[in-house]
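Each chain gets a letter, A, B and so on, in the order the sequences are listed, and its residues count up from 1. On a predicted model such as this, the values are computed, not experimentally measured, just so you know.
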There are 2 protein chains.
Amino acid sequence: MRKAYTPETAAADVEKTLHVLGGRWKLIILFHLFGGKQQRYSELERLIPGISPKMLAQQLRQLEGDGLVARKLYPQVPPKVEYRLTDWGQALCPALDAVLQWAEQKPEAGAPCEEAGS
Amino acid sequence: MRKAYTPETAAADVEKTLHVLGGRWKLIILFHLFGGKQQRYSELERLIPGISPKMLAQQLRQLEGDGLVARKLYPQVPPKVEYRLTDWGQALCPALDAVLQWAEQKPEAGAPCEEAGS
DNA sequence: CGGTATCCCCTACGATACTG
DNA sequence: CAGTATCGTAGGGGATACCG
């Protein structure tokens with residue numbers, strides 16, 4: 001059974017969730033990891049033009065801390081680190097798809113739907 | 001047929017969409033309008049403790065500009081304004097529900113799922 | 001009643017230099 | 001290779017006062 005939501009609790013829960021995705025680069029990182037892809041730190045840096053090492057590391061740490069991304073360190077020299085999605089992180093995909101589908105439904109600015117009704 | 005997405009375009013589209021919901025109070029406002037509810041400005045102010053008139057007006061303007069909320073002005077004195085969701089705004093509900101369902105799936109911190117696998 | 005206008009602050013973000 | 005440390009900035013948000 002689902003939780004019972006009031007406007008406040010529902011909003012707070014969604015807000016907390018969106019905060020997890022709220023970083024400037026997090027979605028880009030996630031989309032580079034969807035589908036079971038594993039990427040090294042330097043690979044992500046290359047795939048995401050414009051990101052600074054500080055931001056990449058920070059966003060990855062936060063995603064890791066929030067349980068979306070798993071970090072695998074190979075104890076060798078030179079160091080090697082791979083990032084992948086956790087099961088839960090991968091499970092984000094359908095939810096984001098729902099968001100995208102909603103965005104695609106947006107009526108054009110000049111569409112007669114909303115204006116006609118009033 | 002759905003659009004074709006690369007990691008960049010998908011991330012950018014989701015980002016744009018989440019930006020629409022990104023204000024500090026927007027989700028709270030939306031959840032107070034879901035289900036066809038109409039609310040006056042002062043009613044929203046009362047329903048949302050802590051919000052300042054500036055923020056309420058600003059967030060409503062942005063939601064209106066993004067096409068989620070419709071503003072209905074009754075030209076009378078004293079003035080009366082009612083806010084409701086557009087059809088598209090109401091259609092957000094299932095997408096947010098998908099997000100909430102995903103959030104509810106989050107495994108507990110100590111759960112053995114992720115640790116055991118590696 | 002239903003808002004603006006103004007001022008201040010804080011945090012996310014960016015650039016750059018450096019390190020185990 | 002895979003990161004930290006440090007400094008600087010922009011704008012989103014909060015408190016308050018005022019207006020048609």
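Taking the side chain of A/K80 as heavy atoms from C-beta on, and the options D/dA2, C/dG14, D/dG3, the nearest nucleotide is D/dA2. Here the nucleotide nearest the side chain of A/P79, chosen from D/dC1, D/dG3, D/dG13, is D/dC1.
Comparing the helix axis at one end of the helix from C/dC1-D/dG20 to C/dG20-D/dC1 with that at the other, each defined from 5 consecutive pairs, gives an inter-axis angle of 50° (nearest 10°).
One interatomic measurement links the two molecules: CZ of A/R61 to C1' of D/dA5, which rounds to 14 Å at whole-angstrom precision. The interatomic distance linking A/Y74 (OH) with D/dC1 (C1') rounds to 14 Å, in whole Å. Whole-Å rounding puts the A/E64 CD to D/dG3 C1' distance at 13 Å. One interatomic measurement links the two molecules: CG of A/L63 to C1' of C/dA12, which rounds to 15 Å at whole-angstrom precision. Following rounding to the nearest Å, B/Q58 (CD) and C/dT6 (P) show an atom-to-atom distance of 15 Å. For B/M55 and C/dT4, the CE to C1' distance is 14 Å, given to the nearest whole Å. Computed from coordinates, the B/L18 CG to D/dG12 P distance equals 16 Å when rounded to whole Å. The nearest whole Å value for the distance from the CG atom in A/L60 to the P atom in D/dC1 is 16 Å.
A salt bridge links B/E104 with A/R2; the closest basic N to acidic carboxylate O contact falls under 4.0 Å. The pair B/E15-A/R24 counts as a salt bridge, with a side-chain nitrogen and a carboxylate oxygen less than 4.0 angstrom apart. Using a 4.0 Å cut-off between charged nitrogen and carboxylate oxygen, B/K3 and B/D13 count as a salt-bridge pair.
Shortest non-hydrogen contact noted between A/H32 and A/I48 is CD2-CG1, 4.0 Å. Closest non-hydrogen pair, B/L68 versus B/L21, comes out as CD2-CD2, 4.2 Å. When every heavy atom of B/V81 is checked against every heavy atom of B/R71, the shortest pair comes out as CG1-CG, 3.7 Å.
Annotation: proximity of residues 32-52 of chain A to DNA chain D (heavy atom, distance under 4.0 Å) is found for A/R40, A/Y41, A/S42, numbered in ascending order.
For the atom pair CG of B/L33 and CG of B/L63, the computed distance is 8.5 Å after rounding to the nearest 0.5 Å. Separation of atoms NZ (B/K26) and CZ (B/F31) is listed at 15.0 Å; rounding is to 0.5 Å.
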Protein-nucleic acid N or O pairs under 3.5 Å, nucleotides 6-9 of chain D:
none

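Remark: B/R71 is not in phosphate contact with C/dG2, judged by side-chain N or O atoms under 4.0 Å from OP1 or OP2. Residue B/R24 places at least one side-chain N or O closer than 4.0 Å to OP1 or OP2 of D/dG14. Considering only side-chain N and O atoms, B/W25 lies nowhere under 4.0 angstrom from the phosphate OP1 or OP2 of D/dG13. In terms of phosphate contacts, B/Q59 brings a side-chain nitrogen or oxygen within less than 4.0 Å of OP1 or OP2 of D/dG13.
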A/V99 and B/L92: CA distance, side-chain angles, deciding distance, side chain to side chain contact (heavy atoms under 4.5 Å, CB included) verdict: CA-CA 8 Å; A/V99 168; B/L92 219 206; 6.0 Å; no
Full working for side chain to side chain contact (heavy atoms under 4.5 Å, CB included) between A/V14 and B/L30: CA-CA 11 Å; A/V14 176; B/L30 290 174; over 6 Å; no
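Counting non-hydrogen atoms under 4.0 angstrom, A/Y83 reaches the backbone sugars and phosphates but no base.
Ring-plane geometry between B/Y83 and B/Y41 is classed as tilted, the angle between the planes lying from 30 to 60 degrees on a 0 to 90 degree scale.
Donor-acceptor pairing under 3.5 Å is lacking for the side chains of B/Q62 and B/D66.
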